[in-house]
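Take this structure, written in structure tokens, and hold onto it; I'll ask about it next.
Read the numbers this way: they start at 1 and go in the same order the structure lists the ligands and their atoms.
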Amino acid sequence: MSAYDQLMAYERVTQALGSVAGRTGWDQETMMPAGAAELRAEEMAALEEVLHARRTNAKLGDLLEAAEPPDDVARAQLRHIRRSYERATKVPATLATAIARHTSKGQGIWAAARAADDFASFVPVLSEMIRLKREEAACLAVGGDLYDALLDDYEPGITGAELQAMFDRMRPRLVDLRARILQAEAPAPLDHVFDEAGQLAVSTLLAQTFGYDLNIGRIDKAVHPFSSGSGTDVRITTRTSPRDPFNCFYSTVHEVGHACYEQGIDRAYVLTPLGAGVSMGVHESQSRIYENQLGRSRAFTVWLYGQMRDQFGDFGVADEDMFYRVVNRVGSGYIRTEADEVHYNLHVMLRFDLERQLIDGSLEVADLEEAWNARFEADFGTAVDKPSNGVLQDVHWSFGLFGYFPTYALGNVYAGCLYQSLREAVPALDAQLAQGDTAAATGWLRENLQQFGGLREPRDTIRHACGFAPSERPLLDYLDAKFGAIYGL
Ligand code: ZN
């Protein structure tokens, strides 16, 4: 067997074990009895130990050196295996263990601090987390930028400086748009109670309408919606809230976007490094275009309005026009995960700027809450009332996830680019969406992006699908046009 074939055979087993670990994580969030938590922690640790040993096995290094890729697909496979091997071997085992241990401790303390609205009690834990992540970044960066090294885990090939330049171009336009919208008259929010069975029925219908294949997927309830798995077993979760069915419907469509990306990847790539979404940003572009550009469009909400009337009867929204306005209601809340399309990226930029300063050492954790509140007031026009609505709202930093936040905004930017090309490619898009027919739209995304998995680098993946280099302009133009029309600006 050639070195390349040996490498791929070895990788196949590692991928299969990683897939089992992922499904065990899914089970923990959906099905696991509460009393099994301790046993589960040990099972997960055992799996992680086996996976870490496989990923750092010196044999991999030898095979990587000897392997001669027969074609472009093989070259891409090797690129992923090499990146993973180098990352795993650059960080000393003692440091990796210290980070893992501190992460599980940090989450508990973060949750308690958030419940008590007490940022001070989180400061020592977060300071230690940042010290550890800086140490990890120094191992990975070998003299380069620390933040870029962390960012590379989630969005290979982009730098903090590039993101900064893009966000600096976006921020003034978004701040201006939100200010103009908030001066205009807003539609009233929904005022009705929607039964859970009905919400789950519409939610399942939405998933199927967007092409989610339930033969190789399933939908369960969980506290936080997520999608999990690749290839022929990709599962999603959703949640319901009696007065806010849109929370259920649009988080379902969002996770369906992630799941359809994984289901849409060429089956020949299953259990290889190419068999998963290429980066967090590209992944988020799929969830966001399904959720927003398609799911919250004027055309598609015509269909959704009819489905909701069938399911719930009269729920107090007079017609399709009003329904579209209610679905796209803009409000300046504190919480990122509840933000509308206009505010969402401003939430991300705030976190990006602060975490970059934390990693480069120009901002101390002790000053973080004050910095957060000042920036929030500048961009959102209101003062943060308590830490659980501000600096303590997201779990990410307690997990040691630095460099993750910007991929959310990058996903929106990529979705804007894809939507521009999709509209040109499918002239009858609106007429189809108004009938609840997404086949041409999701088919275009599968054909031009999803099927390739990790074949190209993230930005090349978008460029290949769109036919132009990704830029923030299509997203900003889309937001201006959409919300300008809704709010009569
Ligand atoms: Zn997402």
> Can you check whether Phe246 and Phe323 have ring centres sitting under 6.0 Å from each other?
Replying inline: yes

> Hey, what's the ring geometry for Phe376 with Phe380, parallel, tilted or perpendicular (30° and 60° as the breaks)?
Replying inline: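 Answer is parallel, since the angle falls under 30°.
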
>> For a distance under 2.8 Å, give residue and atom name for each protein N, O or S atom next to the Zn ion (ligand 1).
In response: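 Listed by chain and number, the atoms are His254 NE2, His258 NE2, Glu284 OE1.
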
>> Check whether Phe405 forms a cation-pi arrangement with Arg336 (NZ or CZ under 6.0 Å from the six-membered ring centre, at most 45° off the ring normal).
In response: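 Because its charged atom misses either the 6.0 Å distance or the 45° angle limit, Arg336 does not stack over Phe405.
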
> Salt-bridged, Glu472 to Arg171, with N to O below 4.0 Å?
Replying inline: no

> Which of these passes salt bridge (Lys or Arg N to Asp or Glu O under 4.0 Å) with Asp176: Arg180, Arg178, Arg173?
Replying inline: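 Among Arg180, Arg178, Arg173, the one meeting salt bridge (Lys or Arg N to Asp or Glu O under 4.0 Å) with Asp176 is Arg180.
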
> Do the ring planes of His283 and His258 sit parallel (below 30°), tilted (30 to 60°) or perpendicular (above 60°)?
Replying inline: tilted

